[in-house]
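So the structure is just underneath, and the comments pick up after that.
In listed order, ligands and their atoms are each counted from 1. No experiment lies behind these values; they were computed from the predicted model shown.
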Amino acid sequence: MNALTELNNNYLLLTPGPLSTSVGVRRAMQKDWCTWDKEYNQLVQEIRLRLVGLATVQKELYSAVLMQGSGSFAVESVLGSVIPSDGKILIINNGAYGARMVQMARCLKIDVVELRCPETEIPSMQDIEQALEDAALTHVACVHCETTTGLLNPIAEIGQRVKAAGKTWIVDAMSSFGGVPMDIAELEIDFLISSANKCIQGVPGFGFVLAKRDVLENCKGLARSVSLDLYDQWQTMEQFNGKWRFTSPTHVVHAFYQALVELEQEGGVQARYQRYLTSQKTLSEGMQALGFQLVLENTTPQSPVITTFLYPDTADFSFQHLYENLKKAGFVIYPGKVTDLNCFRIGNIGEVYPEDIRRLLSALKQYSAA
Ligand SMILES: *Cc1c(COP(=O)(O)O)cnc(C)c1O
């Protein structure tokens, strides 16, 4: 079904979230639900199980915790809840979301080492190995798909080194989980963070954490916040069969369940990944044919989720003008976020198909001709 015409949608969101959702996902929000009702809590339990199933085949090792708020709240709940007061974290920063984790850790008064790398490059393994020589480090965090550029950090290679050094491994997989195949047990990830409104294609309202059970079990009493206490939220969900501690986003949870069902109907993560890959390839090649230049080099791992383009080198180019025109044509694109570079981004996650990308490209062609 076309997400644009059904239910009066204004435009197709070509952004990394919130994104264009399916009619089914939006329909799931049209009833009100009680938060302490057994049926509702059962749905929460089903969601938690399904998330673990998407993350790994070794399901017994992991547990899913849902946390109210946008994705950043879930990231902050992990950073604030799993690092002891005498702990120390290494954060790899090659973009705005890595930088945000550093900001959170500092605000929470966590001892933090920042490994800063250029935003358009993956970190050097040599630098990581060197940083890991710091014996005081207890935790390491990295973003998987750095949504700033669309770059895909090599979490398998980094994780190998992190685990060899005996550190707890935290991955912000916000804009990749559900859209890029991975097995978190194989990757030895201790805490993976994502949210409702990215590759699972739900609406915004909560984030979730896939936590290694035996590691989370040791986090009792470590939290620096009550509302964002990951351990406490987990314990309540475990002991009270899917109960959230505080008001939960009931409509969003129902929409999310529907989104999980639709992910399965599509053929699971592998099929979704293939759709994203096709859309991203169509976009990247089509844009280059129109004369736009990619920000990332060909050799840099590019996610299938979002792509960054340089402003064209013409004096009369105005992003605002392009944005307004594309919006009139039914597409919303996204401003850039790379420091020191004039660029813009186009996402292709959500209820967006390669034919939508082709329509966008012809709108852009018309715009360029005018
Ligand atoms: C979207 C996103 C977040 C969370 O952003 P919110 O605006 O808080 O939802 C965090 N990290 C990455 C990599 C993201 O793409």
If we number the atoms of ligand 1 from 1 as shown, the ones under 4.0 Å from a heavy atom of Gly71 are 4 (C), 6 (P), 8 (O), 9 (O)
Check this for me - ligand 1, Tyr97, N or O atoms closer than 3.5 angstrom, yes or no? no
If you have a sec, work out which protein heavy atom is nearest atom 3 (C) of ligand 1 and how many Å separate them, to one decimal? Met174 CG, 3.4 Å
For Pro123, is there any backbone N or O sitting under 3.5 Å from a side-chain donor or acceptor partner on Asp127? no
Atoms of ligand 1 close to Ser72 [distance to a heavy atom under 4.0 angstrom, numbered from 1]: 4 (C), 5 (O), 6 (P), 8 (O)
Check whether the ring centres of His139 and Phe191 lie less than 6.0 Å apart, and answer yes or no. no
One thing to verify: whether Arg224 and Glu76 come together as a salt bridge, which I'm taking to mean a side-chain N less than 4.0 angstrom from a carboxylate O. no
Glu146 near ligand 1 by a heavy-atom separation under 4.0 Å: no
Which of the atoms of ligand 1 are close to Ser175, meaning less than 4.0 Å from one of its heavy atoms? 15 (O)
Verify whether the ring centers belonging to Phe256 and Phe206 lie closer than 6.0 Å. yes
Ligand 1 contacted by Lys198 (non-hydrogen, < 4.0 Å): yes
Partner residues of Arg345 under the salt bridge (Lys or Arg N to Asp or Glu O under 4.0 Å) criterion, sequence neighbours left out: none
For Cys145, is the nearest heavy atom under 4.0 Å from an atom of ligand 1? yes
Students should be able to answer this: which protein heavy-atom is nearest to atom 6 (P) of ligand 1, and at what distance? Ser70 OG, 3.5 Å
Which residues pass the salt bridge (Lys or Arg N to Asp or Glu O under 4.0 Å) test with Lys243, sequence neighbours left out? none
Please answer whether the main-chain N or O of Gly286 pairs with a side-chain N or O of Arg358 as donor and acceptor at a distance below 3.5 Å. no
Output, in order, the C-alpha distance, side-chain angles, deciding distance and verdict of salt bridge (Lys or Arg N to Asp or Glu O under 4.0 Å) for Arg50 and Glu264. CA-CA 10 Å; Arg50 280 183 183 237; Glu264 193 177 289; 3.2 Å; yes
Minimum distance, heavy atoms only, to atom 15 (O) of ligand 1: which one of Thr147, Val305, Asn197 is it? Thr147
Looking at ligand 1, would Val143 count as a contact under a 4.0 Å heavy-atom criterion? yes
among protein heavy atoms, the one nearest atom 11 (N) of ligand 1 is Asp172 OD2, 2.7 Å
